[in-house]
Amino acid sequence: QVQLGESGGGLVQAGGSVRLSCTAAGRTLASYAVGWFRQCPGKGREFVAAISWSGGSTYYPDSLKGRFTISRDNAKNTVYLQMNSLKLEDTAVYYCAASWTTLPPGPNSKYDYWGQGTQVTVSS
């Protein structure tokens with residue numbers, strides 16, 4: 001069992017940047033591929049980014065490429081999501097999730113563990 005925790009959310013102005021962190025307790029995160037998802041008010045969960053356990057493979061939906069960057073530091077047991085040029089529509093609760101998959105991770109991977117989420121609010 002692994003407990004995931006997100007941090008780094010908050011209020012940010014449009015055009016600004018924020019970096020989210022995902023850490024793990026109970027087990028090393030280095031064993032897992034990790035994905036980030038978000039849920040906007042009144043909408044379903046949306047895939048944001050994913051990274052393989054080694055960091056060698058990343059995946060983004062076309063709509064977010066160039067603005068969002070996922071990375072990891074396995075020595076710190078942490079996965080990051082750097083979000084730049086934020087827009088109002090990026091306002092959401094952001095979740096990280098861990099997957100045992102050894103294939104390049106993506107939106108359809110099976111994610112076994114989920115964090116509680118961190119709120120990101122983008123203001124005009």
Side-chain angles (χ1 to χ4, degrees):
Q1 189 77 4
V2 59
Q3 294 82 42
L4 300 178
E6 303 92 341
S7 61
L11 181 64
V12 60
Q13 284 194 321
S17 298
V18 68
R19 188 176 77 163
L20 305 182
S21 298
C22 174
T23 56
R27 197 158 184 164
T28 175
L29 199 54
S31 304
Y32 299 86
V34 173
W36 283 96
F37 295 78
R38 68 185 182 185
Q39 187 156 17
C40 305
K43 296 186 178 181
R45 190 171 60 199
E46 177 187 8
F47 172 78
V48 173
I51 189 166
S52 61
W53 68 271
S54 67
S57 177
T58 58
Y59 184 97
Y60 307 91
D62 289 342
S63 60
L64 297 177
K65 282 181 182 177
R67 290 199 303 123
F68 288 15
T69 303
I70 190 170
S71 62
R72 68 190 304 157
D73 185 338
N74 285 341
K76 295 183 178 179
N77 213 32
T78 303
V79 172
Y80 304 99
L81 182 68
Q82 178 70 41
M83 304 189 293
N84 299 327
S85 303
L86 284 164
K87 305 175 181 180
L88 297 179
E89 52 265 38
D90 294 319
T91 294
V93 178
Y94 285 74
Y95 301 88
C96 65
S99 170
W100 278 113
T101 183
T102 56
L103 298 173
N108 298 319
S109 300
K110 181 178 180 294
Y111 292 92
D112 302 283
Y113 305 104
W114 292 80
Q116 296 294 314
T118 185
Q119 176 72 47
V120 173
T121 301
V122 183
S123 64
S124 59

For the student: nearest non-hydrogen atoms of Thr69 and Tyr60, plus distance: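 Closest approach of Thr69 to Tyr60: CA-OH, 3.3 Å.
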query: So which heavy atom on Ser57 is nearest to which on Pro104, and how close?
result: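 Heavy-atom minimum between the residues: OG-CB, 3.6 Å.
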Just so I know, are the side chains of [X] and [Y] near enough to count as touching, which here means a heavy-atom distance under 4.5 Å?
X: Tyr59; Y: Pro107; value: yes
X: Met83; Y: Leu20; value: yes
X: Trp36; Y: Ile51; value: no
X: Thr23; Y: Ser7; value: no
X: Tyr95; Y: Gln39; value: yes
X: Phe68; Y: Asp90; value: yes
X: Ser99; Y: Ser109; value: yes
X: Leu4; Y: Leu29; value: yes

- request: If the plane angle is over 60° it's perpendicular, under 30° parallel, otherwise tilted; pick one for Phe37 and Tyr111.
  value: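 Perpendicular.
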- prompt: Mind checking whether Trp100 and Tyr32 have parallel, tilted or perpendicular rings, split at 30° and 60°?
  reply: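 Rings of Trp100 and Tyr32: tilted, 30 to 60°.
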Check: [X] side chain, [Y] main-chain N or O, donor-acceptor pair, under 3.5 Å:
X: Arg72; Y: Gly55; answer: no
X: Glu6; Y: Gln116; answer: yes
X: Thr91; Y: Val122; answer: yes

task: Kindly check if the number of other-residue, nucleotide or ligand heavy atoms within 6.0 Å of CD (Gln13) is above 12?
output: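 Counting neighbours around CD of Gln13, 12 or fewer heavy atoms of other residues, nucleotides or ligands fall under 6.0 Å, so no.
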